Number of protein chains: 2
Amino acid sequence: MKKHLTRATKDYLKAIYALSVNGLSASTNDLAKRLNIAAASVTGMIKRLAQTNPPLVDYRKHHGVTLTPTGEQAALEIIRHHRLLETYLHDSLGFSWDEVHEEAERLEHVISEKFEARIDKVLGHPTHDPHGDPIPDLNLVMPQKASTRLSTLRPPQEAIIERVNDEDGNLLRYLQEKSLVPGSKLKIRAHSPFDGNLTLEINGEEIILGPAVTHHIFIKEA
Amino acid sequence: MKKHLTRATKDYLKAIYALSVNGLSASTNDLAKRLNIAAASVTGMIKRLAQTNPPLVDYRKHHGVTLTPTGEQAALEIIRHHRLLETYLHDSLGFSWDEVHEEAERLEHVISEKFEARIDKVLGHPTHDPHGDPIPDLNLVMPQKASTRLSTLRPPQEAIIERVNDEDGNLLRYLQEKSLVPGSKLKIRAHSPFDGNLTLEINGEEIILGPAVTHHIFIKEA
DNA sequence: ATACACTTTTAGCCTAACCTAAATTTTATT
DNA sequence: AATAAAATTTAGGTTAGGCTAAAAGTGTAT
């Protein structure tokens with residue numbers, strides 16, 4: 001019996017998934033901020049999610065929520081939709097990488113399994129979306145995500161960009177202009193302990209980035 | 001100021017458009033049947049649609065509804081989305097013509113103008129969807145629709161199928177099997193005044209169709 | 001240990017869109 | 001023209017998912 005989840009429910013599950021990185025539980029406040037909803041509304045909704053059958057989340061008052069296995073499967077299904085769609089919009093329909101997130105955010109809730117299968121096939125079963133985020137496979141297994149932030153590197157380290165945060169279109173446009181895209185190789189030249197600025201070399205050019213940028217770029221050591 | 005219309009609102013506008021063929025107004029009952037909703041709910045919703053600013057429908061108690069120009073534009077925008085999507089799903093993603101309606105029904109509400117423009121371009125600005133229904137152009141002008149039903153023909157008339165009703169997947173699968181698709185040429189061989197059956201020749205073969213089928217096929221004279 | 005600042009929950013309200021049952025209006029039939 | 005049948009509207013209720021304001025819990029710093 002496959003339940004129909006509402007759009008709001010799916011949005012909560014995705015948000016809880018995103019905020020539960022290291023087995024931590026997601027707090028009411030953080031969820032409220034991420035979803036642009038009042039904290040009180042989040043409390044109410046979480047209670048409902050905890051009382052579905054089967055329950056989608058585990059909830060203890062004042063101690064945040066985590067996903068149950070059922071809830072996590074549902075979240076992964078939506079994330080798979082989202083990232084396949086981003087890839088499809090980018091690769092097959094010519095959307096720029098700063099446009100795909102918003103469009104996928106709406107489409108992910110309504111596409112059928114058939115649609116998912118078709119674009120997955122057309123794309124040749126991609127493993128990463130245009131921002132470098134891994135796409136859960138058909139069995140909804142999420143590959144490991146790069147978690148080292150560029151902001152943590154110090155000279156003279158080198159690295160390759162693996163992925164970037166996909167939620168801020170302005171940031172993405174800026175990154176693209178500077179070739180700060182997945183796959184790019186870079187060297188750290190200097191670090192300012194005062195403002196956290198990093199001077200780095202990329203494509204033979206030298207650029208200086210503040211923490212507001214470097215915090216959103218994830219790398220693997222070269 | 002472009003208003004955001006809810007999904008329910010869009011569904012009502014589409015249904016009213018479909019039922020208002022000859023300048024007639026759509027009745028509460030017919031809307032209820034088409035939308036699978038209780039008649040009382042339709043009355044309530046229609047009242048709300050008539051009180052938006054600008055109003056989307058004209059409503060007189062006990063006399064049905066018609067779309068205002070604003071409402072009609074909105075309906076045509078959705079229908080354009082729907083038919084472009086059907087065409088895209090069919091031509092570019094390999095959906096069969098009996099599957100596209102259901103999928104488009106969900107997608108039509110969430111795609112952006114950008115998405116619309118992209119698939120329109122990829123398809124080469126198509127004028128008809130896979131069932132032969134005309135696609136409103138960018139200015140939302142709806143081309144004339146064929147309105148002669150196959151059921152009205154008598155021997156020895158000949159005709160070409162222009163479009164078929166797209167809502168019943170089972171019917172569509174049957175029609176495809178018999179090559180009863182837009183563009184096919186056929187000749188009427190016989191008509192039974194008792195049961196309305198038509199005997200016709202298509203592709204050199206002779207087949208007999210009842211009114212439940214011929215009523216849903218629209219033709220132009222050959 | 002007390003006090004203040006956050007965070008979270010409770011309580012009470014709201015809206016969109018549905019529902020059923022009962023009342024009313026329109027239409028069709030004699 | 002009266003009445004029966006059908007269509008429509010009213011009245012009152014439900015659910016999901018929001019909101020604000022106030023209460024209560026948690027944590028931190030003195």
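Quick note on labels: first sequence line is chain A, next is B, and so on, each numbered from 1. Note that the structure is predicted; figures quoted are calculated from it, not measured.
- Across all strands, A:Thr28 comes closer than 4.0 Å only to sugar-phosphate atoms, never to a base (heavy-atom distances).
- Rounding to whole angstrom units, CE of residue A:Met45 and P of D:dC19 are separated by 12 Å.
- Here C:dT7 presents its P atom at 14 Å from CG of A:Leu19, a figure rounded to the nearest Å.
- Comparing D:dT8, D:dC19, C:dC19 by their nearest atom to the side chain of B:Ile37 picks out C:dC19.
- Rounding to whole angstrom units, CG of residue B:Asn36 and C1' of C:dC18 are separated by 13 Å.
- The aromatic rings of A:Phe95 and B:Phe115 sit tilted relative to each other, their planes meeting at an angle between 30° and 60°.
- Taking only side-chain nitrogens and oxygens, B:Arg48 comes nearer than 4.0 Å to OP1 or OP2 of C:dA17.
- A donor-acceptor pair under 3.5 Å is formed between the side chain of A:His131 and the backbone N or O of A:Trp97.
- Remark: B:Thr43 is in phosphate contact with D:dT9, judged by side-chain N or O atoms under 4.0 Å from OP1 or OP2.
- Put simply, CG on A:Leu31 is 14 Å from P on C:dT7, counting in whole angstrom units.
- Of the listed nucleotides (D:dA7, C:dT7, D:dG18), C:dT7 has the atom at the smallest distance from the side chain of A:Asn29.
- In this structure, B:Gly44 and A:Ala40 both approach DNA chain D, and ranking their closest nucleotides by distance from the 5' end singles out B:Gly44.
- One can place CG of A:Asp11 at 17 Å from P of D:dA16, the figure rounded to the nearest angstrom.
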| message | What verdict does the side-chain hydrogen bond (donor to acceptor under 3.5 Å, both in side chains) test give for B:His81 and B:Glu116, after you've listed the backbone C-alpha separation in whole Å, the side-chain angles of each residue and the deciding distance to 0.1 Å? | response | CA-CA 7 Å; B:His81 283 185; B:Glu116 174 193 316; 2.7 Å; yes
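- Between the CZ atom of A:Arg7 and the P atom of D:dG17 there is a distance of 12 Å, rounded to whole Å.
- Contact annotation: B:Lys61 side-chain N/O to C:dT24 OP1/OP2 distance is not under 4.0 Å.
- Each of A:Thr9 and B:Val42 was matched to the nucleotide of DNA chain D holding its nearest heavy atom; the match closer to the 5' end belongs to B:Val42.
- Within the nucleic acid shown, B:Lys47 comes within 4.0 Å of sugar-phosphate atoms alone, with no base atom in reach, counting heavy atoms only.
- Judged by distance alone, with hydrogens and angles left aside, the side-chain atoms of A:Arg118 form a donor-acceptor pair with the main-chain N or O of B:Leu93 at under 3.5 Å.
- Atoms CG (A:Leu35) and P (C:dT8) sit 14 Å apart, rounded to a whole Å.
- For D:dG17, the OP1/OP2 oxygens have a side-chain nitrogen or oxygen of A:Thr6 closer than 4.0 Å.
- Put simply, the side chain of A:Ser20 never gets that close to the backbone of A:Thr66: no donor and acceptor are under 3.5 Å apart.
- Between C:dT7, C:dC18, D:dT10, one nucleotide has an atom nearer to the side chain of B:Ala8 than all others, and that is C:dC18.
- For C:dT9, one of the phosphate oxygens OP1 or OP2 lies less than 4.0 angstrom from a side-chain nitrogen or oxygen of A:Tyr59.
- The listed nucleotides are D:dG18, D:dC19, C:dT26; the one nearest the side chain of B:His62 is C:dT26.
- As a whole-Å value, the separation of A:Ile46 CD1 from C:dT8 C1' is 10 Å.
- Using a cutoff of 4.0 Å between basic side-chain nitrogens and carboxylate oxygens, A:Lys14 and A:Glu108 are scored as salt-bridged.
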